[in-house]
**Q** 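Before I ask anything, here is the structure I am working with.
The first residue of the sequence shown is numbered 1, and numbering continues consecutively from there. When a ligand or atom number is given, it counts from 1 through the structure's own listing order.
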Amino acid sequence: MVTILAIESSCDDTSAAVMRDGVLLSNVTASQLVHEAYGGVVPELASRAHQKNIVPVVDQALKKAGVSREELSAVAFTRGPGLMGSLLVGVSFAKGFAASLGVPMIEVNHLQGHIMAHFIREEGEEHREPSFPFLCLLVSGGNSQIVLVRSYKDMEIVGQTIDDAAGEAIDKCSKVMGLGYPGGPIIDRLARQGNPEAYEFSKPQIAGYDYSFSGLKTSFLYHLREWVQTDPDFVEHHKEDLAASLEKTIVDILMKKLRQAAKDLGIKQVAVAGGVSANTGLRNAFLDHARRYGWEVFIPKFGYTTDNAAMIAMVGTYKFRDKDFCPMEAPAYARTSI
Ligand code: KG4
């Protein structure tokens, strides 16, 4: 029996999960609302909130799972990438916890975790997971990449953004419209009531499978400035159409490169992961591609789109089987690739 306690603290969610033999027993997350007032994550406030949350979150995860500390086989933790101050809280806690129990530690790459979220099994649920190799569109506030997944530990980035991430572009456009933070869920809600063809924004011309979103962000800002000059309440009058058109432009950009990569690589199993995979327009585009191109698509449950420790426990379980443990001195890393 392999029982993993996993800890995730890379950004502004403190999360702990318990997984036994690949089945998720608990996944507890404390989100930090303190950042809303600042329109973005404030690193120092995030670290402080992790300090406050980590002990109760781990305690709750163990209680909910009905697992005692002595039953744990290993402690898995997010080693990076992320905010250094946030990571240090989780990494240090994991080290202390593992050392006190005398169990091995397993380091997990946060991005690998997002992709492996597709393999999380819950008790009694009918589960469908991709088979290797598959393509995964990983889209979050910090990443937009197309990943060729050959196994849980063999992942190749075939395309990625050369500037902003898709989520970052959505958040910035939402901020420019004065709609609040994080912009993703707000834009998603408004877009459902708007006309996606109402406005046209610039789309990048980038070679290969790479993305770019900074031009779109600028184009959105310049258009908005012009329109607001003629109607100071332009955003209020047209926010649904603006949100729908922005969402459509971003989804079109994401899907075009993904379609090309899938075609060139001859892959029909296509997954999406990361915070932006919660977006309704993007989810619908995946379902539409399944019908039109015969793709078998994998869309995560909402709870596994944003940061969570369940996905870290999933990678932890695979690594435990391979006896892939890490030394006590392993430092956190702020930047790293898959
Ligand atoms: O993976 P994630 O939770 O963490 C970071 O990368 O920080 O992704 C967060 C991103 C934010 O940009 C947020 O606005 C976006 O995911 N997001 C969404 C939706 N929900 C969250 N974007 C579009 N539609 C959504 N429903």
Side-chain angles (χ1 to χ4, degrees), residues 8-15 27 29-33 35-36 38-43 46 50 78 80-87 109-118 136-145 147 160-161 163-177 179-194 196 211 213 216-217 242-255 271-286 299-312 334-336 338:
E8 153 67 37
S9 73
S10 63
C11 190
D12 59 343
D13 292 302
T14 320
S15 187
N27 181 43
T29 303
S31 300
Q32 305 175 0
L33 302 177
H35 308 288
E36 270 172 30
Y38 299 91
V41 177
V42 183
H50 283 306
T78 302
L83 298 172
M84 186 46 90
S86 290
L87 288 165
N109 179 309
H110 179 78
L111 304 174
Q112 184 188 15
H114 269 302
I115 293 173
M116 292 306 289
H118 287 284
C136 186
L137 176 68
L138 179 55
V139 265
S140 67
N143 291 278
S144 297
Q145 33 190 242
V147 184
Q160 60 187 324
T161 182
D163 40 54
D164 291 351
E168 197 179 346
I170 295 175
D171 290 342
K172 283 181 181 162
C173 291
S174 162
K175 202 169 175 179
V176 166
M177 284 198 278
L179 296 178
Y181 173 86
I186 304 169
I187 295 287
D188 192 342
R189 186 169 39 77
L190 290 170
R192 307 282 66 78
Q193 298 142 44
Y211 291 119
F213 289 101
L216 165 65
K217 190 184 64 191
L242 284 167
S245 303
L246 173 68
E247 182 188 277
K248 181 178 186 306
T249 309
I250 290 179
V251 170
D252 283 354
I253 295 171
L254 289 171
M255 296 311 289
V272 61
V276 183
S277 68
N279 181 261
T280 312
L282 184 58
R283 289 175 164 244
N284 288 341
F286 263 73
I299 302 170
K301 283 186 183 170
F302 282 108
Y304 304 141
T305 56
T306 44
D307 295 345
N308 65 86
M311 65 189 197
I312 305 305
R335 299 176 78 86
T336 186
I338 262 176

**Q** At less than 3.5 Å, what protein N or O atoms come close to the N or O atoms of ligand 1? Include the distances to 0.1 Å.
**A**
residue	atom	partner	partner atom	Å
ligand 1	1 (O)	Gly275	N	2.9
ligand 1	6 (O)	Ser140	OG	3.2
ligand 1	6 (O)	Gly141	N	2.8
ligand 1	6 (O)	Gly142	N	3.3
ligand 1	8 (O)	Gly141	N	3.4
ligand 1	12 (O)	Gly167	O	3.2
ligand 1	12 (O)	Asp171	OD2	2.7
ligand 1	14 (O)	Asp171	OD1	2.6
ligand 1	14 (O)	Gly184	N	3.0
ligand 1	24 (N)	Gly184	O	3.4
ligand 1	24 (N)	Asn279	ND2	3.0
ligand 1	26 (N)	Asp188	OD2	2.8

**Q** Inspect the contact between Lys175 and Asp171 and indicate whether a charged nitrogen and a carboxylate oxygen are less than 4.0 angstrom apart.
**A** no
**Q** Exactly one of Thr161, Val139, Leu111 should register a side-chain contact (heavy atoms from CB on, under 4.5 Å) with Gln145. Which one does?
**A** Leu111
**Q** With sequence neighbours excluded, what pairs up with Pro196 under the side-chain contact (heavy atoms from CB on, under 4.5 Å) test?
**A** Ala244, Lys248
**Q** Looking only at the side chains, is there a donor atom on one of Thr280 and Asp188 sitting less than 3.5 Å from an acceptor on the other?
**A** yes
**Q** Name all residues meeting the side-chain hydrogen bond (donor to acceptor under 3.5 Å, both in side chains) criterion together with Asp13; count only those two or more places apart in sequence or in a different chain, and write none if there are none.
**A** Ser31
**Q** Only counting residues at least two apart or in another chain, list the ones meeting side-chain hydrogen bond (donor to acceptor under 3.5 Å, both in side chains) with Arg189.
**A** none
